[in-house]
Amino acid sequence: MTSLERLSIGQAEDAAAPIASNRLRRGKRVDKSTSCRVVELPGSMDGGGEHQLFSESGYKSAAAASPALPQWLRHSYLVIGAFAGVHREHARTLEYAFRLARAARSRVVVLIIRSVHDEEQVAGRLLIDDEEKARLLIDAGASGVVTLAVDDELSEMDCQAFVEEIVIGRFGASGVIVDARLDLMLAEAVTPATLARVTPVQGVSLHVVPARPDHARVQAGKVLDLLDAGDVSGASKLLGRHWLVEGVVCHGDKRGRELGVPTANIRLPSETRLGHGVYAVRTLVGRRVLAGVASFGTRPQFDDGAPLLEVHLFRFDGDLYGQTLRVEFIEKLRPEQVFPSIEALCEQMATDIRDAAACIELYDRSVKSALTNILPLSTTPLKL
Ligand SMILES: Cc1cc2nc3c(=O)[nH]c(=O)nc-3n(C[C@H](O)[C@H](O)[C@H](O)COP(=O)(O)O)c2cc1C
Ligand SMILES: Nc1ncnc2c1ncn2[C@@H]1O[C@H](COP(=O)(O)OP(=O)(O)OP(=O)(O)O)[C@@H](O)[C@H]1O
């Protein structure tokens with residue numbers, strides 16, 4: 001999703017209607033309790049559009065409430081996995097699928113099977129939610145993303161039923177691409193081995209992306225440990241993109257402007273494990289990406305209150321209250337500290353601003369010279 005605007009979220013009835021418009025309806029945040037949602041992404045949806053995404057909270061509800069997959073997405077290559085965190089390991093599988101699809105002049109649809117473990121991680125903002133995953137996968141080049149949670153119906157399927165009812169029945173897929181370590185816990189484990197037994201009989205090609213050795217694999221847990229330690233650049237390397245958060249700007253203690261550094265305050269979920277400290281950030285404000293410096297923590301200098309993200313944007317003056325910002329973390333500059341005086345804190349903040357500006361300038365230059373595969377926030381791509 002290039003504009004990174006608010007996604008349009010349909011409720012159950014919307015889901016029954018075909019998506020016919022490419023207009024983004026500015027809506028409320030996703031109601032996670034909705035049984036079935038259709039998320040509409042920008043792009044040409046009429047006459048064989050490119051971007052479509054369904055997110056469903058269970059197989060049964062999906063089958064009952066959602067429309068059949070549009071004709072133009074049938075006979076695609078189907079990538080199946082959990083996509084927890086959407087990191088470079090997933091990009092590798094996707095890249096494989098894109099190559100196959102290009103050669104066959106076909107498309108790639110991603111089927112995300114969402115696990116309970118994944119949901120727990122998402123709740124703590126440690127991993128990204130369905131909406132964010134879908135944005136990344138669509139940006140990376142997938143034509144459709146469907147998310148299914150393992151409900152009673154799905155969990156009772158063996159591999160054959162999974163292939164017959166979902167891979168063929170729902171998607172009409174011509175090929176399936178999976179990571180060698182796929183292990184979906186249904187009534188019978190869905191793994192490359194069980195798929196290999198079933199798919200040839202059903203006329204579906206199976207492509208297994210070979211596993212890399214353990215030490216070379218990216219695992220969501222490693223990313224989380226790095227975030228815990230505030231090592232956001234290390235986490236970015238594993239993710240193949242920057243870790244980011246999204247939140248609404250709320251009112252604070254009216255100190256920022258007095259200190260000469262106004263900060264847009266964003267409350268992150270209490271479980272957020274990002275290490276406290278001062279970071280160089282890039283922030284999406286409307287359609288503009290602005291460099292800035294952010295402090296995440298308890299402000300020991302003043303109150304040691306609840307952790308808060310405070311973002312000071314460079315070359316910006318305006319009212320941000322109530323706006324949704326997306327903040328991308330580039331580099332940690334230092335830990336939160338207590339200074340001998342407010343003046344000393346202000347001096348340090350001036351240094352932080354200079355350091356963050358230099359850090360982001362360097363980052364921008366390295367992106368332009370293509371030395372890094374982490375591209376600008378507005379495209380949030382996945383790269384190998
Ligand atoms: C670049 C930067 C560095 C900061 N460093 C610290 C720090 O080391 N210790 C601290 O207690 N607060 C730190 N803060 C938080 C400020 O104390 C806070 O932004 C200020 O109190 C304004 O709060 P308000 O937005 O609620 O008015 C920092 C803020 C910024 C923007
Ligand atoms: N360059 C900037 N970066 C961040 N916010 C800015 C900037 N310029 C103006 N603002 C506005 O100023 C606000 C932050 O100001 P300040 O830090 O003084 O207030 P606050 O802590 O939110 O307290 P209160 O809302 O109670 O006045 C932001 O929410 C935003 O609306």
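Every number for a ligand or one of its atoms is a count from 1 in the order of the listing.
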Between Glu310 and Arg267, is there a salt bridge with N-O shorter than 4.0 Å?
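Salt bridge absent between Arg267 and Glu310.
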
Using distance alone, with no hydrogens and no angle criterion, decide if Glu164 and Gln202 have a side-chain donor and acceptor under 3.5 Å apart.
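Indeed, the side chains of Glu164 and Gln202 share at least one donor-acceptor pair under 3.5 Å.
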
What protein heavy atom is closest to [atom], reported as residue, atom name and distance in Å?
atom	result
atom 30 (C) of ligand 1	Met349 SD, 3.5 Å
atom 12 (N) of ligand 1	Arg299 CA, 3.9 Å
atom 27 (O) of ligand 1	Arg255 N, 2.6 Å
atom 18 (O) of ligand 2	Arg257 N, 2.8 Å
atom 5 (N) of ligand 1	Arg334 NH2, 2.9 Å

Honestly, for Phe314 the part within reach of ligand 2 (heavy atoms, under 4.0 Å) is neither

Which one holds for Val249 and ligand 2: side chain close, backbone close, both close, or neither close, with close meaning a heavy atom under 4.0 Å?
side chain

Just wondering, more than 12 heavy atoms not from Arg255 lying within 6.0 Å of its CZ?
yes

Would you say CZ of Arg334 has more than 12 non-hydrogen atoms from neighbouring residues, nucleotides or ligands within 6.0 angstrom?
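It does: Arg334 CZ has more than 12 such atoms within range.
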
Closer than 4.0 Å to some heavy atom of [X] - which atoms of ligand 2 meet that?
X	result
Asp319	31 (O)
Asp317	8 (N), 9 (C)
Gly256	17 (O), 18 (O)
Gly252	20 (P), 21 (O), 22 (O), 23 (O), 24 (P), 25 (O), 26 (O)
Asn265	20 (P), 21 (O), 22 (O)

Which atoms of ligand 1 are found less than 4.0 Å from any heavy atom of [X]?
X	value
Val293	1 (C)
Leu345	5 (N), 6 (C), 7 (C), 17 (O)
Asp253	24 (P), 26 (O), 27 (O)
Phe302	17 (O), 21 (O)
Lys254	27 (O)
Gly252	26 (O)
Asn265	25 (O), 26 (O)

Between Arg170 and Val146, is any pair of side-chain heavy atoms under 4.5 Å apart?
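Arg170 reaches Val146 side chain to side chain.
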
So, Phe329 versus His242, ring centres under 6.0 angstrom or not?
no

Just distances here: any N/O of [X] and N/O of ligand 1 closer than 3.5 Å?
X	value
Val278	no
Gly256	yes
Gln337	yes

Is it the side chain (CB and beyond), the backbone, both or neither of Ser295 that lies under 4.0 Å from ligand 1, heavy atoms counted?
side chain

Using heavy-atom distances only, which candidate in His312, Gln301, Glu310 approaches atom 16 (C) of ligand 1 most closely?
Glu310

Relative to atom 30 (C) of ligand 2, which among Gly322, Ala264, Pro262, Gly318 owns the nearest non-hydrogen atom?
Gly318

Parallel under 30°, tilted from 30 to 60°, perpendicular over 60°: which one fits the rings of His90 and Phe83?
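Geometry flag for Phe83 against His90: tilted rings.
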
